[in-house]
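Reckoned from all heavy atoms, side chains included, excluding hydrogens, waters and symmetry mates. In the text below, chain A, chain B and the rest are named by the order of the sequence lines, each starting its count at 1.
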Amino acid sequence: MDTKPRDQITTGQTMIVMVNYIVGAGILTLPRTTVEAAGTPDVWISVILGGIASMLTGIIMVKLCQRFPGESFFQFIGKIIGKPLGVCLNIAIVVYFLSIASYEVRTVQEVTGFFLLEGTPAWAIDASFMWIALYLCRGGINAVSRLCRLIVPITWTIFLGVCLISLEVFDVNNLRPVLGEGIGPVWKGIMPAEVTFTLGEAMLFLTAFMEKPKKAVKVIIGGTAIATVFYVLAVVLTIGAFSVDGVTTRTWPFLDLIRSFEVDYLIFERFESLLMSIWIMQIFCLFCISFYGAALGLSQTMNRKFHNSLFVLLPLAYIISQLPPNINGLFSLGAMNGNWAIVIFGFVPLPLLIIAYLRRVGS
Amino acid sequence: MRRRRLILLLLTGGVLLSGCWSSSPIEDLNVQVGIALDAADETGMEKEFEQKGGKYPKRNKMTCTYQFIVPEGSSGSTRDGTQSKIYYNMSETGNSIFETIRELSLRTNRNPVGHHLKIIVIGESLARSTNLSELIDFFTRDNDIRLSVLVLVSKGKASEVLSQALPNQIPSLVLKGIYNNRDRSSRIGEPLSLAKLIGPLHGKTSFILQNVIASGKEPKFAGAGVIKGKTGKLIGFLNESEVEGLIWLTGRGKGGVLKIHDPESDKLITYEIKTIGSKIKAKMKGDDISFEVKIESTGRYIEMFVPGGEPLDESRIKEDEKVLEKHVKEMVQKTVAKLQGEFHVDAAEFGRTLHIQHPDVWNKVNENWDETFSHTPITYEVKIDIKDYGASGTTIE
Amino acid sequence: MWNTIMDFFPSWTVLIQGLFILVVPVAITIAVKWLGLKEGQMSRRGIKAAGRKGGGVPSAQKPGEKVQKGTPSSGGNRDNVQTNTGFGKEEEASGEVFTGRFQEDLQQFKDITRDMSDVSVREFYIGPLKIKAALFFLAGLTDKEGMDRDILKPLMYADRPFEGMTIAPDAASLKDILVHQVILVSEIGYTDHLMKSLQKVLFGTAVLMVDGMKEVFVLGTPKGRTRGGEEPVSEALLRGPRIGFNETLSDNTSMLRRHGKTTELAMISFTVGKRVQKELVLAYMKDIANQELVEEVERRIRTIDIDDVQESGFVEQLIEDNYLSPFQQIQNTERPDRVMAALLEGRVAILLDGTPFALIMPVTFSMLLQSPEDYYDRWLPGSLLRVLRFFAAFISLFGPSLYISFLSFHPGLIPTKLVISILSSRQGVPFPTLIEALIMEVSIEILREAGLRLPKPIGPAMGIVGGLIIGQAAVEAGIVSPILVIVVAVTAISSFSMPMYSAGITLRLLRFAVMFSAAMFGLYGVILFFLLLISHLIKLKSFGVPYVGVVVPYRINDWKDFFIRLPLQFMKRRPALLKPKNPIRKG
């Protein structure tokens, strides 16, 4: 892997990478953040709307990328708005991806540290996680996308299975009345949903690797749609079990949902171990994707070797992950990431597209 | 070469030295399966401890009794076949549940852990005086204790419930197991786990908690305690048949028995419930709220003392259905009357029905719902459908 | 403002930890690079050049590339070509040649075989003209009966061809007469090199030296001790051909030929080994195998630079992609049917003289869990067995580590009733779970190893009895808990269910690594190890083909033969990731 992309991935692979990029740490907290903002059980509508919104921004980004086939955003941005501005934007995006990666690794640290490994020092949890991610990322986008593809059957089956079993504590009355207080609360819920969703910004570099970049729009629509299904499932099931009042009191509502039932007709009586495992795998994917994106951006902006920028970013990711002083700091880091995403990826691509169109750069 | 060796050495050394940070071997743990919370009443042992100087600043608010599993191997008596207690209870008094648990660590080498906690029983006097959300806060916050822990109240001392069991049985597991009999008896309320408790407590809605009492060697599920949402405190008890009425009202039963006995004709009909369903409809007439309850059930004759030896034909069945319907209706009315008249709380989820069906109205009455409910007229309609009469087709001769 | 920023500034410990996080992977990278450098100095594996620099030498031209140069005389084709192309100038310069003067040559030959007592010389006269001749052969290796019958007898009784001659004819016509009229051997070659002829003798052929001729006859009469094609021990099947390769290359190639008639099965012969030369055959289907793949394999064979290729394991280790990986990147098998199946998928096989183990490459992960039986049985049972094997592989890899992580890290994740029974059974066990599991695992591994070495009749009994007795005794003595004995036993049985012995070893090896990882991080450690493992597998390539290519298929079509085996009718395409020339199996 030089600064030039050589690996190629298929449409299906890209879509799965996309899903893995969207579904992340947020799934554990989304029910709470949205319900806190909206206060009604209708937040699942907000989540769907959020999905559609992020689809739209994603499509704009894809359209932008499609003007420069084979080049990633980091490479062609200079052609649109000039080198100095482009470098600034690139750095902002690199920092953003890095901070997403840090947020994920910190969430893993918090959750495993609380539920699985009370007493293990944080750096040990993070270090082993990040080293393996580094090892994988050195294999390039193909390795990352293959990993996503490999774990997807495992994680999706277990996720859906666990969701199915959680119907045991599901009470549909907790979700009613639908739109009892009108559409107002739904709008309020969109913002936290959007923050969790991210806006499909991974397409900025994924499109460059696609075998058939023409299908990138399909990827963003399909990927976001699948991710929306997961989020909606998580939100609906959690509210169904805890009711709106209960959800707001839980720090990790979705995890608590899995902890709140036991079945004795299977070998497993409790499922949080399964959920934790697939969740860690899922976060690992997300971490790899965003870490890869950050490293790629850095290497392409600075014209340095990809491997070296991986090494440079590794300790940075760790240090950023340790910046939030406590769990509230972690949540505000997540919210900050989301807000930044909306600024960078929600508002910037459209003008860029228009400028590119007016200046007739790209095909 | 030397550098590589050094790195290897460092790595292996690091691994060996630092390994097993959070390891807590299972055999060194004291597995809690049940907790009983009572109003403060120090045990004799505790008093003795205190006399000898085992004191720390605390306010005696509650006595927590912890039930642990005794591993079979260590008791040593299982081999010779003598039946032994496979659990033991420890009590500690204080005003913070967590502190009492940690206080236990001063008394036993094996560390109490709550992963396998199944049951929390709250004694009547404590439940009447303390907000329930204070009592369960620790349990919902802890990382070991799961939200699937079931919560019960006990009319009397909760610790007594946890010390009653047949040999080779663990009281906490027995209590949890009794919930599996909901298809056998319609006098067991829905199991209320911590997860299900958080919502109502936080939302300040009233609900009922299963009551368990103990006598001799056995515990018994007897009625339910009513928790008032506003205060989160226990305000009274429903007896067994009132709980049964409540279950008919909400239609959340899984099975059970319905029996009527007519003393005049010495006639007894026992009806085995197969399904129960109920629909509650909130009706608005201007500002006046009223509820319409429709209960439906299917089942079969299972035991009848009706002399005559007649075949159980259609008219007979119809007649018995009428009798049963009337009985159910009375039972439900009695329950609701008690909720409305005596307790002034809505523990039967009428409020939620209103919320779902008329969200705008609910927003208006939400604040003072328990009072409003006490004056709300409710009509009932019961329909019982006897599907078959078992293997015997006649009344007895 | 400034204070809030300073609040966020990471503390020194965090910076040091960050440094630590950076240093370790950098150190590992440097170490691996250094290893690669060392390896580059030590061997020629990495050499990309296609020339014949290495020790491995192709003994035949690529089919259809060039017309063969040598003088193709009757039957002596193979040896001739070897003479012409096989041995470089090096040998020609140093090697002594036959002079044609009988006594001189004989003495020369005897001189070089002075310290080889098993080389025999038989002097005799040819026919009525009493032409002096000598036959060199190896006592144990040459087919003496055949030699007496087909060489000595016709030569000594050769009256008719020499009828009317009074003096010995010149060398050319004598050769002509002998080859065409006298010697009853189909395989004839010629050489004038002393050393070359000696090599031939040592390999079991008879070498005939005739007075006046500068060339000697190399007569193919070797009869090594060969073994019939018995059923392979390491890959027993209930259903399928009961034949396995043996130690003779020609037998093995013929087994492949006998599998069915095809003209597309190419077998290219190479000679490998610097000091002890052995024949190696590269087999592939001409119209299926990807040309690049074949060339790559040929290139790697040429880089083999070693004294003696003792077994095909040497070839495997010398040409595999990543020698640091615990996974085998080349499959070895004793079964001709397995080799043929692989060839038909577009893979390439290597057969080496002297070993019954053929090599198949490239390997993909799923092959390690496949058995030919999957295909011979109907598809439902075949799929069931395969799913079972995947499950067994999972247990064999993660069994003890899950035991460790659940028991000493997450007792909360075990069902309560199980906790109660484990709690009772572990009372009084003095060791932590890791040590306990290690004790049992190591002793089981030793038992297994011992069972292999023990004489056949005792071996299996010893394995079972030993396992039972040790397990029982350990439980009785309170060293381990009964649950662990169950876990270890199930793990051991699972690892036996791997159809590939060497794949089973890999899993056993990795199992210990996971155990340590679990002892450190519990379930999290197990998951991380799993992620590390698949990260490694994903990056691993076998001859340019992604190792887990089937698991992560380029095309969804390749899944049909992974977890389950679809009915044969549906397996229309060959695995796409091998990029076969002809992707369709039929139609």
Side-chain angles (χ1 to χ4, degrees), chain A residues 40-42 110-125 127-128 131 166 168-182 185 238-253 255-265 269-272, chain B residues 11 14-15 18-24 113 115-118 133 136-137 140-150 173 176-177 179-180 190-205 229 250 252 280 282 349 351-363 366:
Chain A
T40 63
D42 303 320
E110 293 291 341
V111 172
T112 42
F114 188 63
F115 288 111
L116 286 180
L117 293 172
E118 212 178 0
T120 303
W123 61 265
I125 294 178
S128 39
W131 288 339
S166 82
E168 185 140 312
V169 289
F170 182 73
D171 182 359
V172 77
N173 280 338
N174 283 333
L175 284 165
R176 290 161 70 186
V178 176
L179 293 180
E181 287 171 38
T238 314
I239 297 177
F242 289 116
S243 81
V244 168
D245 293 319
V247 165
T248 46
T249 66
R250 309 277 84 211
T251 315
W252 313 101
L255 199 58
D256 275 346
L257 165 70
I258 310 302
R259 281 158 50 83
S260 66
F261 59 88
E262 288 176 11
V263 293
D264 33 20
Y265 48 84
E269 187 181 62
R270 11 193 92 188
F271 293 88
E272 69 249 42
Chain B
L11 273 180
V15 164
S18 61
C20 321
W21 282 291
S22 345
S23 164
S24 56
V113 289
H115 296 294
H116 293 279
L117 191 62
K118 297 286 178 196
S133 32
I136 65 164
D137 184 70
T140 58
R141 205 180 288 279
D142 191 56
N143 54 353
D144 290 346
I145 295 170
R146 298 158 50 87
L147 293 178
S148 55
V149 181
L150 301 175
L173 300 188
K176 189 178 160 68
Y179 273 113
N180 292 339
E190 273 194 294
L192 220 53
S193 61
L194 284 175
K196 291 286 180 190
L197 210 58
I198 297 168
L201 279 177
H202 195 241
K204 303 215 180 298
T205 33
T250 50
R252 300 236 172 113
I280 303 178
E349 300 192 346
R352 186 194 269 193
T353 313
L354 185 67
H355 184 193
I356 291 169
Q357 291 173 4
H358 301 280
D360 41 336
V361 179
W362 171 251
N363 284 343
N366 183 9

Fill in: Atom of A:Phe271, atom of A:Val263 and distance for their closest heavy-atom approach
CE1-CG2, 3.3 Å
Discussion item. Can you tell me which portion of B:Asp142 sits under 4.5 Å from chain A's heavy atoms? Options are side chain, backbone, both or neither.
Written reply: backbone
Worksheet item: Under the criterion side-chain contact (heavy atoms from CB on, under 4.5 Å), which of A:Leu255, A:Val247, A:Asn174 is the partner of A:Thr238?
Response: A:Val247
Fill in: Heavy-atom pair count under 4.5 Å with chain A, highest-scoring of B:Asn363, B:Asn143, B:Val149, B:Ile198
B:Asn143
Discussion item. When you compare the side chain of A:Asp245 with that of B:Thr205, does any pair of heavy atoms fall below 4.5 Å?
Written reply: no
Worksheet entry | A:Thr251, part contacting chain B, at a heavy-atom distance under 4.5 Å | neither
Worksheet item: Do the side chain of A:Glu262 and the main chain of B:Lys118 share a donor and acceptor less than 3.5 angstrom apart?
Response: no
Worksheet item: Would you say B:Glu349 and B:Ile280 make side-chain contact, with heavy atoms under 4.5 Å?
Response: no
Practice prompt. Against chain B, label A:Thr120 side chain, backbone, both or neither, depending on which of its atoms sit under 4.5 Å from a heavy atom there.
Written response: both
Practice prompt. Go through the atoms of A:Val244 and report whether side chain, backbone, both or neither lie under 4.5 Å from a heavy atom of chain B.
Written response: neither
Practice prompt. Can you tell which part of A:Phe242 gets under 4.5 Å to a heavy atom of chain B, answering side chain, backbone, both or neither?
Written response: both
Worksheet entry | Heavy-atom contact with chain A under 4.5 Å, split by part of B:Thr140 | both
Worksheet item: Between B:His358 and B:Ala282, is there a donor-acceptor pair closer than 3.5 Å when you use the side chain of the first and the backbone of the second?
Response: yes
Discussion item. Around atom CZ of A:Arg176, are there more than 12 heavy atoms from other residues, nucleotides or ligands closer than 6.0 Å?
Written reply: no
Worksheet entry | Stepwise salt bridge (Lys or Arg N to Asp or Glu O under 4.0 Å) test for A:Glu272 and B:Arg146 | CA-CA 10 Å; A:Glu272 69 249 42; B:Arg146 298 158 50 87; 2.2 Å; yes
Item to complete: Go through the atoms of B:Leu150 and report whether side chain, backbone, both or neither lie under 4.5 Å from a heavy atom of chain A.
Response: neither
Worksheet item: Between B:Arg352 and chain A, which part of the residue has a heavy atom less than 4.5 Å away: side chain, backbone, both or neither?
Response: side chain
Worksheet, complete the sentence: Honestly, the part of A:Arg270 sitting under 4.5 Å from a heavy atom of chain B is both
Worksheet item: Quick one: what part of A:Ser260 sits under 4.5 Å from any heavy atom of chain B, side chain, backbone, both or neither?
Response: both
